[in-house]
Asker: 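Please find one structure pasted underneath; my questions will follow.
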Amino acid sequence: MKTLNKLMSLTQAVELIHDNDTVGIGGNVLHRAPMALVREIARQEKKGLHIVKTAGAMDVDLLCLAECVSSVDAGFISYETEYSLAGHYRKAVQNGLVKGNEHACYTVISALRAASAGIPFMPVKGLQISDLIEVNDYFTRIQDPFSGELVTVVKAIVPDVVIIHVQEADKNGNAKILGPKYDDVLLSRAAKKVIITTETIVPDSKFAFSQDKADIPHFLVNAVVHMPKGAAPCSCPSKYSIDRNNLDAFKAIKNKEELKDYLDNFMTEDYRRY
Amino acid sequence: MKTLNKLMSLTQAVELIHDNDTVGIGGNVLHRAPMALVREIARQEKKGLHIVKTAGAMDVDLLCLAECVSSVDAGFISYETEYSLAGHYRKAVQNGLVKGNEHACYTVISALRAASAGIPFMPVKGLQISDLIEVNDYFTRIQDPFSGELVTVVKAIVPDVVIIHVQEADKNGNAKILGPKYDDVLLSRAAKKVIITTETIVPDSKFAFSQDKADIPHFLVNAVVHMPKGAAPCSCPSKYSIDRNNLDAFKAIKNKEELKDYLDNFMTEDYRRY
Amino acid sequence: MMSTIENENYQVSDIMICAMARLIHNGENVFHGVSSHMPMLAVMLAKALHAPEAVYLNIPGGVDPKPKNLEKYTSAGAELYEQAVAVFPLAEIFDLSMRGRLDVAFLSGIQFDKTGNVNASVIGDYHKPKVRMPGGAGSAVLIPTAKRAIIWRTKHDKRTFVNKVDFVTTRGNIDRIVTPLCVFKYENGELLLDTIHPTSSLQEVIDNTGFEVKYKSIEYTPLPTKEEMTILKRMDPKNYRNIEF
Amino acid sequence: MMSTIENENYQVSDIMICAMARLIHNGENVFHGVSSHMPMLAVMLAKALHAPEAVYLNIPGGVDPKPKNLEKYTSAGAELYEQAVAVFPLAEIFDLSMRGRLDVAFLSGIQFDKTGNVNASVIGDYHKPKVRMPGGAGSAVLIPTAKRAIIWRTKHDKRTFVNKVDFVTTRGNIDRIVTPLCVFKYENGELLLDTIHPTSSLQEVIDNTGFEVKYKSIEYTPLPTKEEMTILKRMDPKNYRNIEF
């Protein structure tokens, strides 16, 4: 049987992302962030991206430093305790370069669920007394038509493209996440396009003959990049933990010029063809 | 570590269901329907139940014949082609004994998703031009507050109790469905109480030491009944197919008295303790 | 024409399945629901022939399954999970359609009228129905949202094809209606005769249709090819596809 | 009292963790999020002692995990998936809280005022913030919906406990606020001093709180027991729990 081969290079995959796109990012804080794709977005100098993530860290921080970002819709943007704040994101928001659209992580999830179901908004039970409703145009209150009570709703967020790093994928785009899936499966359902980087390319027959089927089916996926260490220096469960030296090096970066060197140092690894 | 043992008899489990409860039923048409629980509901002569299921068959048909049912919210109630219509359901609706609340299967799913998220309603994209909106009080149209466009919404359905048959559960209620899960996972999240029958009781350690974790976590579950053949005469994937002789015998039943004999014939099997 | 048919022993179900299969294009996402042996075989046939990259979606949630043996009593069982490459359950298939990305949905109904209204609900009053139908399952939400809804119905009579349906369950993107006598297509807001099965005739279609049969030209549904029949018989050796006839 | 503390080498983090652990009752569903080493250890400690049937929920989605080794840099990693019995991911934990069935959520914030408002968003104007915070993660939706929100914060100063917050991210079912100096409880719409840590004093609490400190009686937070300390040190041999001090 003929199959659709979606294997391509990192460069080709990132060319599917356009300036001003809404980009959803998989993983959570320093876990399974699609860092090779993030680095290539920075190298290709994408502009005006609208980033969507429940809880982001280095990925969003790097893209803010690279000046690729126009807005961030997220519940939490920070490294966890040990690596402290996302300084470049914070600075960009405080300088007015990036609009920080604050959500609860759950309202990001609700907005993505709305996108996935093709509906324009989603009611959210928990957002009740909050200044967030008044200051943001993506929240509002409406009447429940059945009880007459007020309910807060969040506007759908439809990512133009979602970038996800997985441990296993076949060349057609069937992709399997080992360990915590975070919000990646939902992201793949909400987006118009999905770009996958994968630690390993598995044979087409692997998922068919396993009880462990793919989490993301091929027909949602537009690009597959074979990219071992594609989440580094972030962690990739069952494959590797964080790369502390590299994280320290990144945290020491002060400006865009130093970022260029940092990105250049990854080029051999990111552009290697497997 | 101490654990909560939720093992009980079929009789005890069904005593958790009260007259006039809203009852969600797992499985789909003749697949993995929780038939032992359904039979015991009929034996205990529950009254006024509000049944919820995307696509039901023998389960709903039997409960209608037993006069346990007040209303059915479903997208489809019928056997598939070979076994033809659900005659007792049809008759009960046509005689006015049961209110047949017609949904699309998806509006049942949407109503359960709303329940699961604690919200009073869910927008549904697909229900556009339809008499169903006018004749049913659980559908209505509202304005999308962001675009001003009309959108159809469905009212949440919160099952008081959900009954589900699985292949594996531990005594604490962690339950695993092998093969198609249909809408059972969602049902377990939407309901106030969950009753599980299971082909096998697995050791408490089984899910902890497997990559294949439980689909339904113990803290959502109120009762676990060890019930091999608990879906028969319906099918249970990886365990058994339909029991054609028994299905034929049921399809030949004309009235409530004959149903009593049919149910009595199952008592040895349904009341056996393992 | 008829003699060819007799020689080859075509069943009406074979002709209907091949007609449905040919409506599936390569690469399309295709769904069918319960009680749907004919669409099930149409999808499998299309994938085996001209549409190998069509994506097969179904109620059990197996993506592109390769069932070893079909079951007589169901088209929603675990066999549609066998050798599937990914899990994409019913709820997500609906979502896919809602966001405009389901290409083809095979659906049914009880009554159809000339303007494309579909009734899958009741005959008579909704609250006191004369006849309560099984329900439209996915029809009410998929017919408006799937890019193309292909309706199939194993009855073609004046109670099925009516001037005006008793109840509008839905209306929407109907592409074709495949019946035992013919194929209708939906164009500019009305049903037109597309092709007549070689086993039938224009007169038979007219005699069994409750509204005026309009057409642009008289065309016949192509007969199944030898290749199609070979594959159909291999996939369905016990002829479950003919269960409704 | 202080000498006992010195003899036993209690850290403020130990006292805070034990205070949090004791707020967890047996059988309760308990959640913590990112950057939450102290709540993570509090849940594990409670489960090891008085609340074995507390249900441990977390961002990676492992139900009742038994991590072999904790990580210094995260409380949201795959180790919270190890030996978990079921998968219940973040989205579903939120849903659980929304439908009123999450018993305890450990959450944080940047500013708190005496009437129970929580700011986790910004200092200054929202659209042109003087300081942009990481964001409240789950706080805005969990504090109103969890049966009891337990707030913890490793800073106790007049910029944290203020007369009026700069921005109301949320307000809701606050049960306790655990700080390095004391525990506040929320009663009848206002924060009251519940217990003072034995490592601190009433005066220190007053000096570092931006609103009038009210209390019904002067009580002290019980010291960690030997058993608690033994388990804490076994679970966290590298003292990650003290990372913020």
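All values below come from the heavy atoms of this structure, side chains included, with hydrogens, waters and symmetry mates left out. Chain naming here is simple, since letters A, B, ... match the order of the sequence lines and numbering starts at 1 in each.
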Asker: In chain order, what residues pass the side chain to side chain contact (heavy atoms under 4.5 Å, CB included) check against D:K158, with sequence neighbours excluded?
Answerer: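 So D:K158 forms no side chain to side chain contact (heavy atoms under 4.5 Å, CB included) with any residue.
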Asker: Are side-chain heavy atoms of A:R90 and D:M133 found at a separation under 4.5 Å?
Answerer: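 Result yes, sub-4.5 Å side-chain heavy-atom pair found.
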Asker: For the residue pair D:Y73 and A:Y83, does the interplanar ring angle fall in the parallel (under 30°), tilted (30 to 60°) or perpendicular (over 60°) class?
Answerer: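 It falls in the perpendicular class, over 60°.
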Asker: Which heavy atom in A:F76 sits nearest to a heavy atom in D:G135, and how many Å separate them?
Answerer: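 Residues A:F76 and D:G135, closest heavy atoms: CD1-O, 3.5 Å.
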Asker: Heavy-atom distance under 4.5 Å to chain D: side chain of A:V135, backbone, both or neither?
Answerer: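 When you check distances to chain D, atoms from both the backbone and side chain of A:V135 fall under 4.5 Å.
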Asker: Specify which of D:G136, D:G33, D:G172 makes the most heavy-atom pairs with chain A at under 4.5 Å.
Answerer: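 When all of D:G136, D:G33, D:G172 are compared, D:G136 has the most.
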Asker: Please state whether the side chain, the backbone, both or neither of D:S35 comes within less than 4.5 Å of a heavy atom of chain A.
Answerer: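 The answer is both parts of D:S35.
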Asker: How about D:K128: does its NZ atom have over 12 heavy atoms from other parts shown lying under 6.0 Å from it?
Answerer: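 No - once you tally the heavy atoms of other residues, nucleotides and ligands closer than 6.0 Å, there are 12 at most.
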Asker: Go through the steps to decide whether D:I59 and A:N28 satisfy the test side chain to side chain contact (heavy atoms under 4.5 Å, CB included), and finish with yes or no.
Answerer: CA-CA 9 Å; D:I59 287 182; A:N28 194 278; 3.9 Å; yes
Asker: Which of the residues A:G96, A:S84, A:A55, A:S130 is involved in the greatest number of heavy-atom pairs with chain D at under 4.5 angstrom?
Answerer: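 Max contact count across the listed options: A:S130.
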Asker: I need the residue from A:G179, A:P237, A:S235, A:S78 with the largest number of non-hydrogen atom pairs under 4.5 Å to chain D.
Answerer: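 Of A:G179, A:P237, A:S235, A:S78, A:G179 has the most heavy-atom pairs under 4.5 Å with chain D.
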Asker: Determine the minimum heavy-atom distance between D:P129 and A:Q94, stating which atoms define it.
Answerer: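 Between these two residues, the closest heavy atoms are O-CG, 3.8 Å.
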Asker: Using 0.5 Å steps for rounding, measure from the CD1 atom of D:I143 to the CD1 atom of A:I129.
Answerer: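 Here the rounded value is 11.5 Å.
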Asker: For A:K125, does the NZ atom sit with more than 12 other heavy atoms under 6.0 Å from it, leaving out its own atoms?
Answerer: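 No - once you tally the heavy atoms of other residues, nucleotides and ligands closer than 6.0 Å, there are 12 at most.
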Asker: Considering the options A:V98, A:V93, A:I77, which one meets the side-chain contact (heavy atoms from CB on, under 4.5 Å) requirement together with D:R132?
Answerer: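 Between D:R132 and the candidates, side-chain contact (heavy atoms from CB on, under 4.5 Å) is satisfied uniquely by A:V93.
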Asker: Surrounding NZ of D:K114 (heavy atoms of other residues, nucleotides or ligands, distance under 6.0 Å), is the total greater than 12?
Answerer: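 It does not: D:K114 NZ has 12 such atoms or fewer within range.
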Asker: Looking at D:G61, D:G62, D:G77, which one has more heavy-atom pairs under 4.5 Å with chain A than the rest?
Answerer: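 The residue among D:G61, D:G62, D:G77 with the greatest pair count is D:G77.
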Asker: How close do D:P144 and A:Q128 get, heavy atom to heavy atom, and via which atoms?
Answerer: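 Heavy atoms of D:P144 and A:Q128 come nearest at CB-OE1, 3.5 Å.
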Asker: Report yes if some heavy atom in the side chain of A:Y79 is under 4.5 Å from a heavy atom in the side chain of D:P134; otherwise report no.
Answerer: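 Not in contact.
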Asker: To the nearest 0.5 Å, how far apart are CD in A:E82 and NE2 in D:H37?
Answerer: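 Going from CD on A:E82 over to NE2 on D:H37, the span is 8.0 Å.
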Asker: Do you know which of A:I133, A:N136, A:L186 has the most heavy-atom pairs with chain D at a distance under 4.5 angstrom?
Answerer: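 Of A:I133, A:N136, A:L186, A:N136 has the most heavy-atom pairs under 4.5 Å with chain D.
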Asker: Can A:R113 and D:D95 be counted as an ion pair, charged N to O under 4.0 angstrom?
Answerer: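 A salt bridge is present here (some side-chain N lies under 4.0 Å from a carboxylate O).
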Asker: Taking C-beta and beyond as the side chain, do D:P89 and A:Y182 meet within less than 4.5 Å on heavy atoms?
Answerer: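 In short, these two side chains do not touch, never coming nearer than 4.5 Å.
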Asker: So for A:R32, is it side chain, backbone, both, or neither that comes closer than 4.5 Å to the heavy atoms of chain D?
Answerer: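 For A:R32, neither part sits under 4.5 Å from chain D.
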Asker: Between D:Y240 and A:T81, does a side chain to side chain contact (heavy atoms under 4.5 Å, CB included) hold up when you go through it step by step?
Answerer: CA-CA 10 Å; D:Y240 297 154; A:T81 321; over 6 Å; no
Asker: Would you mind reporting whether A:D131 and D:Y126 have side-chain heavy atoms less than 4.5 Å apart?
Answerer: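 Side-chain contact under 4.5 Å: no.
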Asker: Using non-hydrogen atoms only, which part of D:V131 is less than 4.5 Å away from chain A: side chain, backbone, both, or neither?
Answerer: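 Interface part for D:V131: both.
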Asker: Identify which of D:T154, D:L80, D:I243 forms the greatest number of heavy-atom pairs closer than 4.5 Å to chain A.
Answerer: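 With the most close heavy-atom pairs to chain A, the winner is D:I243.
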Asker: Check whether A:E80 reaches the backbone of D:S75 with its side chain - one donor and one acceptor, N or O, closer than 3.5 Å.
Answerer: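 The answer is yes, because a donor-acceptor pair under 3.5 Å joins these two groups.
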Asker: Give, as side chain, backbone, both or neither, the part of D:K72 having an atom under 4.5 angstrom from any heavy atom of chain A.
Answerer: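 D:K72 touches chain A through backbone and side-chain heavy atoms alike.
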Asker: Does CZ belonging to A:R244 count more than 12 external heavy atoms closer than 6.0 Å?
Answerer: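 Count over threshold, so yes.
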Asker: Return the OG to OH distance between D:S139 and A:Y106, rounded to the nearest 0.5 Å.
Answerer: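 The distance works out to 15.5 Å.
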Asker: More than 12 heavy atoms of other residues, nucleotides or ligands under 6.0 Å from NZ of A:K239: yes or no?
Answerer: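 Yes, enclosed.
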Asker: Is it the case that atom NZ in A:K256 sees more than 12 heavy atoms from other parts of the structure closer than 6.0 Å?
Answerer: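 Counting other residues, nucleotides and ligands, NZ of A:K256 exceeds 12 neighbours.
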Asker: Below 4.5 Å from any heavy atom of chain D, which atoms of A:L127 appear? Answer side chain, backbone, both or neither.
Answerer: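 Contact with chain D involves both backbone and side-chain atoms of A:L127.
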Asker: Between D:T169 and A:L132, is any pair of side-chain heavy atoms under 4.5 Å apart?
Answerer: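 Yes - at least one pair of side-chain heavy atoms lies under 4.5 Å apart.
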Asker: In terms of heavy-atom proximity below 4.5 Å to chain D, should A:V108 be classed as side chain, backbone, both, or neither?
Answerer: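 Neither part.
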Asker: Heavy-atom count around A:E134 CD within 6.0 Å, excluding the residue itself: above 12?
Answerer: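 Yes, because the 6.0 Å sphere around CD of A:E134 holds more than 12 heavy atoms from other groups.
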Asker: Quick one: what part of A:N95 sits under 4.5 Å from any heavy atom of chain D, side chain, backbone, both or neither?
Answerer: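 For A:N95, no heavy atom lies under 4.5 Å from chain D.
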Asker: Using non-hydrogen atoms only, which part of D:F94 is less than 4.5 Å away from chain A: side chain, backbone, both, or neither?
Answerer: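 Both parts, backbone and side chain.
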Asker: Checking heavy atoms, do the side chain of A:K99, its backbone, both or neither come under 4.5 Å from chain D?
Answerer: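 Just the side chain, heavy atoms under 4.5 Å.
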Asker: What are the two closest non-hydrogen atoms of D:A76 and A:H31, and how far apart are they?
Answerer: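 That closest heavy-atom pairing would be O-CD2, 3.3 Å.
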Asker: Minimum heavy-atom separation for A:G126 and D:M98, please, with both atom names.
Answerer: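 In terms of heavy atoms, the two residues are closest at N-SD, 3.3 Å.
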